2 protein chains.
Amino acid sequence: MPTNDAAPLRADARRNLTKIMSAARDVVVEHGLDAPMELVARRAGVGVGTLYRRFPTREALLGAVAEAYVADLVTATRRIIDGAADPWSALRELVDWCASPGQGALAAALADLPVAQVRALPAFARSRQEWLDLLDGLVTDGQRAGTIRADIGTGDLVALLTVFTCHPDQLPRHVADQPARYLHLMLDALDATAPRATPLPGTPPS
Amino acid sequence: MPTNDAAPLRADARRNLTKIMSAARDVVVEHGLDAPMELVARRAGVGVGTLYRRFPTREALLGAVAEAYVADLVTATRRIIDGAADPWSALRELVDWCASPGQGALAAALADLPVAQVRALPAFARSRQEWLDLLDGLVTDGQRAGTIRADIGTGDLVALLTVFTCHPDQLPRHVADQPARYLHLMLDALDATAPRATPLPGTPPS
DNA sequence: CTCCAAGCGGAATGAGGTATTCCGGTTATC
DNA sequence: GATAACCGGAATACCTCATTCCGCTTGGAG
């Protein structure tokens with residue numbers, strides 16, 4: 001977000017700033033972090049010049065979007081966890097939220113993909129860690145309660161959310177069309193109450 | 001594959017052609033269909049000029065790679081299915097094969113992603129259909145035998161294989177590092193003998 | 001109502017990246 | 001030993017963006 005040291009923005013400028021942030025968010029969720037600036041501009045219904053009057057560079061815009069996005073993610077996740085009866089329902093609700101249209105676990109991608117410039121932003125890093133901690137609590141609680149299988153970790157959850165919800169236009173059509181279907185398949189796989197013929201190979205990350 | 005109407009290739013040229021095809025395959029599996037030609041050349045240890053003496057355009061090379069790849073995939077899949085005691089072991093072995101290094105279910109990607117030029121190649125289309133038919137038989141048999149859950153389809157299988165094994169460098173690190181881990185998680189989700197609290201949302205594609 | 005700084009759209013610029021071509025030097029094969 | 005095939009890789013031609021620039025608009029203070 002641009003610093004607001006100086007004079008307040010004119011009404012139309014403030015309006016455009018909102019449109020830009022929201023367009024940028026959508027575009028990034030859909031096309032990934034290297035979507036062209038012009039796509040954002042068109043989506044926001046403004047000229048590229050307008051983008052650059054508010055954000056000096058592409059990275060600045062991405063950074064602002066990322067910060068706002070993770071902050072939202074933390075809020076939503078906390079609300080879900082607090083409102084749920086138990087860890088398993090919380091997990092299910094979280095998954096549904098991530099699968100809802102326009103949501104996309106972008107933060108998950110940001111958490112894993114190499115975008116040094118963004119990850120280095122203090123506000124982003126703080127929120128991101130907060131989110132990971134929330135998930136960590138959720139997974140641990142579920143495992144203690146015996147509803148989430150013991151041999152997976154938070155990193156697995158993040159990886160799965162990322163894989164099924166990020167950048168729909170680079171995913172197989174089926175997955176992009178019904179992320180919820182695949183996320184629920186994943187839920188079935190995480191269910192501790194199912195019998196397992198063989199142990200999971202590899203090690204839980206994070 | 002270049003037509004061999006004309007004179008046979010010189011020995012060194014034939015050698016290079018092999019290196020090119022294999023390099024191209026690896027590069028495409030790793031970096032996706034839009035990997036630069038020069039990457040292929042370097043990997044093959046030849047100059048770009050050599051690529052172009054054999055393949056008139058990038059598409060021609062990709063087409064040749066795709067045809068060869070799906071053909072291999074069909075062979076491997078058929079071998080696995082024929083050799084396995086039952087559909088479920090076949091599925092497990094197939095998954096392990098796809099997870100093995102350098103394998104990557106490229107064909108799955110090709111099956112789903114829009115690469116018209118390649119999909120239109122008759123030999124490719126034929127092999128691809130053959131592969132889908134094999135999988136279809138596998139899934140159906142498994143479902144009849146009660147080992148593969150009934151509410152998923154071949155398209156789901158293809159989508160999952162694609163998602164976890166294609167283009168490692170665009171995947172979350174954890175997934176790229178241990179595709180087998182995530183594919184086995186998927187196997188657990190496909191297991192018909194596990195109890196399911198809620199039905200899977202959406203519809204099985206294909 | 002007037003004025004003008006703050007805004008705006010979008011064409012123009014420039015850098016970076018990659019498919020394809022070209023050519024002087026090699027090397028199988030006869 | 002001759003020569004048609006081959007090679008490597010520099011040079012060329014495009015194309016895709018990020019970013020800049022500038023003439024036109026407009027919110028809103030006076």
Side-chain angles (χ1 to χ4, degrees), chain A residues 1-24 27-28 30-66 115-118 167 169-170, chain B residues 1-24 27-28 30-66 115-118 167 169-170:
Chain A
M1 201 76 73
T3 61
N4 56 359
D5 299 343
L9 292 177
R10 230 167 67 175
D12 54 346
R14 199 171 32 249
R15 210 161 32 240
N16 276 337
L17 179 54
T18 311
K19 285 194 292 184
I20 290 171
M21 289 284 287
S22 133
V27 167
V28 170
E30 271 172 45
H31 303 280
L33 286 165
D34 39 12
M37 291 296 257
E38 201 183 329
L39 223 57
V40 175
R42 211 174 356 244
R43 180 91 150 226
V46 305
V48 277
T50 306
L51 257 59
Y52 279 89
R53 185 158 317 86
R54 231 36 84 196
F55 301 95
T57 66
R58 157 195 195 68
E59 271 70 35
L61 173 55
L62 255 52
V65 168
V115 192
Q117 304 225 344
V118 168
H167 314 159
D169 73 348
Q170 299 164 24
Chain B
M1 198 79 72
T3 59
N4 55 1
D5 300 341
L9 292 177
R10 232 168 65 175
D12 54 346
R14 198 167 40 239
R15 208 159 36 238
N16 277 338
L17 179 55
T18 311
K19 286 194 291 182
I20 289 171
M21 290 284 286
S22 134
V27 167
V28 169
E30 269 173 47
H31 303 281
L33 285 166
D34 40 11
M37 291 296 258
E38 200 183 330
L39 223 56
V40 175
R42 211 174 358 245
R43 180 91 149 225
V46 305
V48 275
T50 306
L51 257 59
Y52 280 89
R53 185 157 316 87
R54 231 35 85 195
F55 301 95
T57 66
R58 158 195 193 66
E59 271 69 37
L61 173 55
L62 255 50
V65 168
V115 192
Q117 303 226 344
V118 167
H167 314 158
D169 73 348
Q170 299 164 24

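Remember, it's a predicted structure, so these values are computed and weren't measured experimentally. Just the heavy atoms: all of them, side chains too, but no hydrogens, waters or symmetry mates, feed the values below.
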Considering all heavy atoms, the nearest [X]-[Y] contact:
X: A23(B); Y: V40(B); result: CB-O, 3.8 Å
X: F55(A); Y: I20(A); result: CE1-CG2, 4.1 Å
X: H31(B); Y: L39(B); result: CD2-CD2, 3.8 Å
X: A41(B); Y: G47(B); result: CB-C, 4.0 Å

| Would D34(B) and R58(B) count as a side chain to side chain contact (heavy atoms under 4.5 Å, CB included) if you check the C-alpha gap in whole Å, the side-chain angles of each, and the deciding distance to 0.1 Å? | CA-CA 10 Å; D34(B) 40 11; R58(B) 158 195 193 66; 4.0 Å; yes
| query | Of all nucleotides in DNA chain C with an atom under 4.0 Å from a non-hydrogen atom of chain B, which is the first and which the last going 5' to 3'? | reply |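 From 5' to 3', the first and last contacting nucleotides are dT18(C) to dT29(C).
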| Contact pattern, 5' to 3', of nucleotides 23-30 of chain D - B, S or - by protein heavy atom under 4.0 Å | ---BSS--
| remark: Readout for nucleotides 14-22 of chain D: B = base within 4.0 Å of protein heavy atom, S = sugar-phosphate only, - = neither; 5' to 3' it is ---SSBB--
| Can you name the salt bridge (Lys or Arg N to Asp or Glu O under 4.0 Å) partners of R43(A), sequence neighbours left out? |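 So R43(A) forms a salt bridge (Lys or Arg N to Asp or Glu O under 4.0 Å) with D26(A), E30(A).
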| salt bridge (Lys or Arg N to Asp or Glu O under 4.0 Å) partners of E59(A), counting only residues at least two apart |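 With sequence neighbours excluded, E59(A) shows a salt bridge (Lys or Arg N to Asp or Glu O under 4.0 Å) to no residue whatsoever.
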| If only side-chain N and O atoms of N16(B) are considered, is one of them under 4.0 Å from the OP1 or OP2 phosphate oxygen of dC6(D)? | no
| task | Please round to the nearest 0.5 Å and tell me the distance separating atom CD of E38(A) and atom CG of L51(A). | result | 10.0 Å
Only pairs under 3.5 Å count here: list side-chain donor-acceptor contacts from residues 8-18 of chain B, not counting sequence neighbours, and write none if there are none.
| residue | atom | partner | partner atom | Å |
| --- | --- | --- | --- | --- |
| R10(B) | NE | D12(B) | OD1 | 3.2 |
| R10(B) | NH2 | D12(B) | OD2 | 2.9 |
| R14(B) | NH1 | L9(B) | O | 3.4 |
| N16(B) | OD1 | K19(B) | NZ | 3.4 |
| T18(B) | OG1 | R14(B) | O | 3.1 |

